[in-house]
Amino acid sequence: MALVIYNTMTKRKEPFEPLEKGKVSVYVCGVTAYDKSHLGHARSAINFDVIVRYLRSKGYDVRHITNFTDVDDKLIARAHELDVDPMDLSRQMIDEYFSVMDGLKIRRATAYPKASETISDIIEMVKGLMDKGLAYESGGSVYFIVRKVKDYGKLSGQSLDQMVTGTRKEPGEDKRDPMDFALWKAAKPGEVSWDSPWGKGRPGWHIECSAMCLKHLGKTIDIHGGGTDLIFPHHENEILQSEAHNEAPFVRYWMHNGMLTMGEEKMSKSMKNFFLVDEVLRRYSPEVVRFFILNASYRQPLDYGEGSLDEAGRALEKLQETYTTLLSEEVSADGTQGMEEACNDAWARLTEAMDDDFSTREAIAVMFELSRKANRGLAEGSLNRAGVGSIISVFRRFNDLFDVLREEKRRVVAAPEDTRPTDTAAPDDTLTIDASRMSDDGYVTDLVRKREIARRRREFDCADKIRELLAEHGIEIQDTPEGAVWKRR
RNA sequence: GCCGGGGUGACAGAGAGGCCAUGUGGCGGACUGCAGAUCCGCAGACAGGAGUUCAAAUCUCCUUCCCGGCCCCA
């Protein structure tokens, strides 16, 4: 079974064949480090996290690079506003980025190069383009001559002549053609800058990605990813620079994730309609956030509305419930059913879905179906130990990719044999709970056992009171034929 | 204006020629002291119009509405 990837360049799904057998180079555009990350950034990170995990699970040796733009107009402006050094601001935001991405269980990329640390490579690249006659210096800035390359617009489908009307010329710039874009920008007084053959300045936006790809991954990379909002002009211009400079195809597969929207509008800083990741993580678990994102196709826009994460949480809870039950039953199952076939089938369908352009949604649907089969078997008591084991194994392999489930067992409190009236159960009017001991599992188990006894004696007021009090402390009790079961929410 | 992507049941969101999505929610049933969880069952859909086909939510054409990109952006 072969992996196919939707390539933005050809607008088709294509069989995936890396340049070098067994190895995959992946470059994903990162963030401009001038502010905290919002959920849109999280979406991109989560999508590519799973994509890389899947590629690795297929045995590929993946080299994954994600950059930080730490030199840019907005960053300088923000630093000025806050009256801090731009480099300090970006360092702080990069720390914040790692903190929330770790919080979302994103696996770290192979490297995170920064624009500020790639200056010499960028200068080399700009020089190379000038030597080829594809760029010129003007007023301390260097511009790329767009009209000298022929396949402009091959990624975005934009045509040069249509564009001209829409392009503005910033004051102070001295471009020969309004379509030309900056490779190197002359420093304005007081700005962060580096020495270059053209005087003090800093890199243009697009060139850093081209330089980093070349430096860390080579002339031709397998996968280049980013949001759909980067297709034009960012990625288009990267192609121009890199292919002109390297004289080699730049990217084999362009992958673009859809925007996260709110009320159908793109979530963005400029629209001030965004949710910061750290705020969201205060209210929802990383698993729920991941599930919400992965429960949609990465290419389509996804709407974030009030209640989206709650709904994702309820759905995920179902899978978690099954998984937890399976883990709890792992050693005690005593039926006869093996589930071998159902598990093989589920895994086959799951990988088939993932092979089809990383259809995480489909994969999740498969898990829900397996979950139902598992619950049925569990309810009937028909599963044997191997059966439970093989379902767990599918869940585990799924989770290695998605990372949305927690490995937790349920604590079962078996029904005490002796339910004759004793003083073990306190009368409901005097029952109190020592809140300070609620983190003590033994104490909780003790209370649950007291409730079990009360239930056996049909003292339901007392039993319900205990259930209620525990619930106030986030402890949930479920009665099962094997006894009461409890967990922390 | 130009270039993309879309309009699917109450909602969220898959699918891309014939079959079931999946989840939330709703209804009915089983289980239960109650609750929860779970299981079984039911209802409900492919923007509109034409065409291709034995067969279209899926392909083609037209209409219409929405979103994104064209300064920065995951």
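In the text below, chain A, chain B and the rest are named by the order of the sequence lines, each starting its count at 1.
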May Phe232(A) be described as stacking on the base of G69(B), applying a 5.5 Å centroid limit and a 30° limit on plane angle?
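Given the distance and angle limits, no, they do not stack.
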
Answer with base, sugar-phosphate or nothing: what part of the nucleic acid does Lys318(A) contact at a heavy-atom distance below 4.0 Å?
sugar-phosphate

Between Lys74(A) and Asp35(A), does any side-chain N to carboxylate O distance fall below 4.0 Å?
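Answer for the salt bridge query: no.
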
Taking the six-membered ring for Trp and the full ring for Phe, Tyr or His, determine whether the centres of [X] and [Y] are under 6.0 Å apart.
X	Y	answer
Tyr54(A)	Phe48(A)	no
Tyr304(A)	Phe275(A)	yes
His256(A)	His235(A)	yes
Tyr253(A)	His224(A)	no

For residues Tyr323(A) and Glu407(A), is any side-chain donor paired with an opposing acceptor at under 3.5 Å?
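Yes.
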
Establish, from distance only, whether the side-chain atoms of Tyr143(A) and Asp177(A) form a donor-acceptor pair under 3.5 Å.
no

Tell me whether the guanidinium CZ or amine NZ of Arg299(A) lies under 6.0 angstrom from the six-membered ring centre of Tyr6(A) and within 45° of its axis.
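Cation-pi check for Arg299(A) and Tyr6(A): passes.
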
Is Arg397(A) positioned over the aromatic face of Trp347(A), cation under 6.0 angstrom from the ring centre and no more than 45 degrees off axis?
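Pair Arg397(A)/Trp347(A) counts as cation-pi.
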
[N] phosphate, OP1 or OP2: any side-chain N/O from [X] under 4.0 angstrom?
X	N	result
Lys487(A)	G36(B)	no
Lys74(A)	C71(B)	no
Asn375(A)	C39(B)	yes

Write down the distance separating the C1' atoms in A55(B) and C59(B), rounded off to the nearest Å.
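These two C1' atoms come out 13 Å apart once rounded.
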
Closest approach to the side chain of His38(A), judged atom by atom: which nucleotide of U24(B), A74(B), C34(B) is it?
A74(B)

Per atom distances to the Lys266(A) side chain, the nearest of U22(B), C34(B), G68(B) is G68(B)

So for Arg376(A) and C40(B), does any side-chain atom that can act as donor or acceptor lie under 3.5 Å from a complementary atom in the base?
no

Below 3.5 Å, does any donor atom in the side chain of Asp479(A) face an acceptor in the base of C34(B), or the other way round?
yes

Atom NZ of Lys154(A) and atom P of G69(B): how far apart are they, to the nearest Å?
24 Å

Reading nucleotides 9-20 of chain B 5' to 3', which nucleotides get B (base under 4.0 Å from a protein heavy atom), which S (sugar-phosphate only), which -?
---BSS------

If a pair means Watson-Crick or G-U wobble with both distances below 3.5 Å, what does RNA chain B look like in dot-bracket form, with | marking bases paired to a different strand?
(((((((..(((.....[...))).(((((.......)))))....(((((..]....))))))))))))....

